[in-house]
Amino acid sequence: MVNYLTHKQFLKMEIEIKRKIMYRKAMDLGFTHPSVVDCSQELDVLLNKYSKTINKAS
């Protein structure tokens, strides 16, 4: 159970960091810039991992 909580917390932290990075890039470069789109896709991967972690625990 400790590993689950640690992994969950780590993913939440990664998601929040990636979200902030994406937002800053979008403000500087525009929402359709390839760098922003790449960052958005990376965020999607993290969110999917988080979702799987939550569902696995249920």
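These numbers come from a predicted model, not from an experiment. The basis for the numbers below is simple: all heavy atoms, side chains too, and nothing from hydrogens, waters or symmetry mates.
Y23 and F31 end up in the same hydrophobic cluster when Ile, Leu, Val, Met, Phe, Trp and Tyr side chains are linked at under 4.5 Å. The same ILVMFWY cluster, assembled from side-chain heavy atoms under 4.5 Å apart, contains both F10 and I17. By the criterion of side-chain heavy atoms lying less than 4.5 angstrom apart, applied directly or through intervening Ile, Leu, Val, Met, Phe, Trp or Tyr residues, V37 is not grouped with M27; the two fall into different hydrophobic clusters.
Checking side-chain atoms of S51 against main-chain N and O of L47 turns up no donor-acceptor pair under 3.5 Å.
Once rounded to the nearest 0.5 Å, the distance linking OG1 of T6 with CG of L11 reads 11.0 Å. Atom CD of E16 and atom CG of L46 lie 11.5 Å apart (nearest 0.5 Å). Atom OG of S40 and atom CZ of R19 lie 10.5 Å apart (nearest 0.5 Å). Atom NZ of K18 and atom CD1 of I15 lie 11.5 Å apart (nearest 0.5 Å).
Residues T53 and K56 form no side-chain contact, since every pair of their non-hydrogen atoms from C-beta on lies 4.5 Å or further apart. Two residues are said to be in side-chain contact when any heavy atoms from C-beta on lie closer than 4.5 Å; V45 and K49 meet this criterion.
Residue V36 is tested with R24, Q41, K25 for a side chain to side chain contact (heavy atoms under 4.5 Å, CB included); the sole match is K25.
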